[in-house]
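Only this structure's heavy atoms are used, side chains among them; waters, hydrogens and symmetry mates stay out.
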Amino acid sequence: DSRPAGLLGQGLPPSAWVMRYLAGAPAGKPVLDLACGAGRHARAAAALGFDVVAVDRDPAIAAALADAPRVSPHIHDLEAGLAWPFAPGRFGAVIVTNYLHRPLFADLAAAIAPDGVLIYETFALGHERYRKPFNPAFLLGPNELLDPTLISGLVVVDFEHGHRPPLADGRNAGIVQRLAAVGPDHPWLRAEPRSLDD
């Protein structure tokens with residue numbers, strides 16, 4: 001498994017990266033939180049008014065998200081060889097954090113609506129010196145989130161690779177890669193270009 005044991009992310013705040021790019025998700029389209037763990041990003045997206053499909057293989061997510069309005073837990077083992085359960089272009093945003101299963105890259109790219117956004121943040125090589133995962137099979141290599149299979153049909157609007165500093169309580173430090181990519185009809189590309197830092 002590519003994730004630490006238990007409901008991943010329990011007690012952590014939503015990722016600032018996720019929240020920055022979730023602002024670019026189109027209103028009225030559902031959000032997919034893949035391998036959602038404790039559901040911190042599902043809850044955050046729901047609080048912004050999105051309907052959310054929260055997918056995880058752990059049946060405990062249904063209980064963990066029972067009190068979350070607008071969140072629909074979906075129990076599905078993404079690594080068991082089961083068919084991808086979602087139609088192409090269904091989601092206004094797909095969120096993936098702290099999870100890596102490379103065979104899903106093409107499905108993730110296809111799941112994004114033409115005006116949607118893919119938001120990805122997970123562990124990279126070097127992270128093993130901090131905590132799980134230690135297995136290099138679950139750690140991204142250099143530039144791996146720029147894999148053409150993952151970004152097929154999308155436009156990369158931001159990418160980072162580096163050290164994520166710890167939170168105030170010392171948790172969550174590590175080495176990560178982050179990607180934000182949008183569909184070809186996203187308003188950031190023409191109608192409403194987003195501001196870039198100098």
Side-chain angles (χ1 to χ4, degrees), residues 3 7-76 78 84-101 104-122 145 150-151 153-160 172 176 178-195:
R3 297 173 300 156
L7 289 177
L8 192 68
Q10 194 158 21
L12 293 175
S15 159
W17 181 264
V18 170
M19 299 311 294
R20 179 185 311 156
Y21 289 102
L22 190 55
K29 292 182 180 170
V31 168
L32 174 62
D33 185 5
L34 192 78
C36 68
R40 60 186 173 134
H41 297 118
R43 289 177 183 275
L48 293 174
F50 294 103
D51 293 323
V52 182
V53 178
V55 176
D56 202 279
R57 70 177 191 174
D58 189 345
I61 70 157
L65 294 171
D67 64 339
R70 305 191 77 144
V71 177
S72 299
H74 187 95
I75 309 305
H76 188 86
L78 298 161
W84 177 254
F86 306 112
R90 176 175 174 187
F91 296 103
V94 172
I95 300 167
V96 188
T97 61
N98 299 343
Y99 179 75
L100 177 63
H101 187 56
L104 295 177
F105 278 5
D107 295 315
L108 295 174
I112 305 295
D115 59 348
V117 59
L118 172 63
I119 308 164
Y120 210 132
E121 177 183 41
T122 198
L145 284 184
L150 179 61
I151 60 174
L154 305 176
V155 178
V156 174
V157 294
D158 208 349
F159 174 81
E160 293 182 349
N172 214 35
V176 299
R178 298 167 168 159
L179 171 77
V182 299
D185 296 340
H186 197 284
W188 284 349
L189 299 182
R190 291 189 182 184
E192 303 170 21
R194 66 187 187 93
S195 296

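Across all non-hydrogen atoms, the minimal contact from Leu65 to Gly39 is CD2-CA, 3.9 Å. In terms of heavy-atom proximity, Met19 sits nearest to Ala44 at SD-CB, 3.7 Å. Across Pro26 and Gly116, no two heavy atoms sit closer than the pair CD-CA, 4.0 Å. Across all non-hydrogen atoms, the minimal contact from Glu121 to Ser15 is OE1-OG, 2.7 Å. For the pair Trp84 and Asp107, the tightest heavy-atom approach, listed with the atom from each and the gap, is CD2-CB, 3.4 Å. Scanning both residues, Ile61 and Cys36, for their nearest heavy atoms gives CD1-SG, 3.8 Å.
Note on ring orientation: taking the six-membered ring where Trp is involved, the planes of Phe86 and His74 are tilted (angle from 30° to 60°).
Side chain of Arg40 to backbone of Pro13: a donor-acceptor contact under 3.5 angstrom is found. At least one donor-acceptor pair closer than 3.5 Å links the side chain of Asp56 to the backbone N or O of Gly37. Trp17 places a side-chain N or O within 3.5 Å of a backbone atom of Leu179 that can act as its donor or acceptor partner. Under the 3.5 Å distance criterion, the side-chain polar atoms of His186 are matched with a main-chain donor or acceptor of Gly24. With hydrogens and angles disregarded, no donor-acceptor distance shorter than 3.5 Å links the side chain of Ser72 to the backbone of Val53. Side-chain N or O atoms of Arg57 include none that pairs as donor or acceptor with a backbone N or O of Leu78 at under 3.5 Å.
Using a 4.5 Å cut-off on side-chain heavy atoms (C-beta onward), Tyr99 and Leu104 make contact. In this structure, the side chains of Leu100 and Tyr120 come closer than 4.5 Å at one or more pairs of heavy atoms. Contact annotation: the side chain of Trp188 approaches that of Tyr21 to within less than 4.5 Å [non-hydrogen atoms, C-beta and beyond]. The shortest side-chain heavy-atom distance between Val55 and Leu32 falls under the 4.5 Å cut-off. Two residues are said to be in side-chain contact when any heavy atoms from C-beta on lie closer than 4.5 Å; Lys29 and Asp115 meet this criterion.
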Assess the residue pair Leu150 and Leu118 against the criterion (side-chain contact (heavy atoms from CB on, under 4.5 Å)); give the C-alpha distance rounded to whole Å, side-chain angles, the decisive distance to 0.1 Å, and a yes or no. CA-CA 9 Å; Leu150 179 61; Leu118 172 63; 3.8 Å; yes
After noting the C-alpha distance and the side-chain angles of Asp33 and Arg43, does the key distance pass the salt bridge (Lys or Arg N to Asp or Glu O under 4.0 Å) rule? CA-CA 10 Å; Asp33 185 5; Arg43 289 177 183 275; over 6 Å; no
Worked check of side-chain contact (heavy atoms from CB on, under 4.5 Å) between Val96 and Thr122: CA-CA 8 Å; Val96 188; Thr122 198; 5.9 Å; no
Kindly determine whether Phe91 and Leu34 satisfy side-chain contact (heavy atoms from CB on, under 4.5 Å), including the steps that lead there. CA-CA 12 Å; Phe91 296 103; Leu34 192 78; over 6 Å; no
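Here the CZ atom belonging to Arg194 is positioned 10.0 Å from the CG atom belonging to Leu189, to the nearest 0.5 angstrom. Leu22 CG to Ile119 CD1: the interatomic distance, rounded to the nearest 0.5 Å, is 5.0 Å. Note: Leu48 CG to Arg70 CZ = 10.0 Å, rounded to the nearest 0.5 Å.
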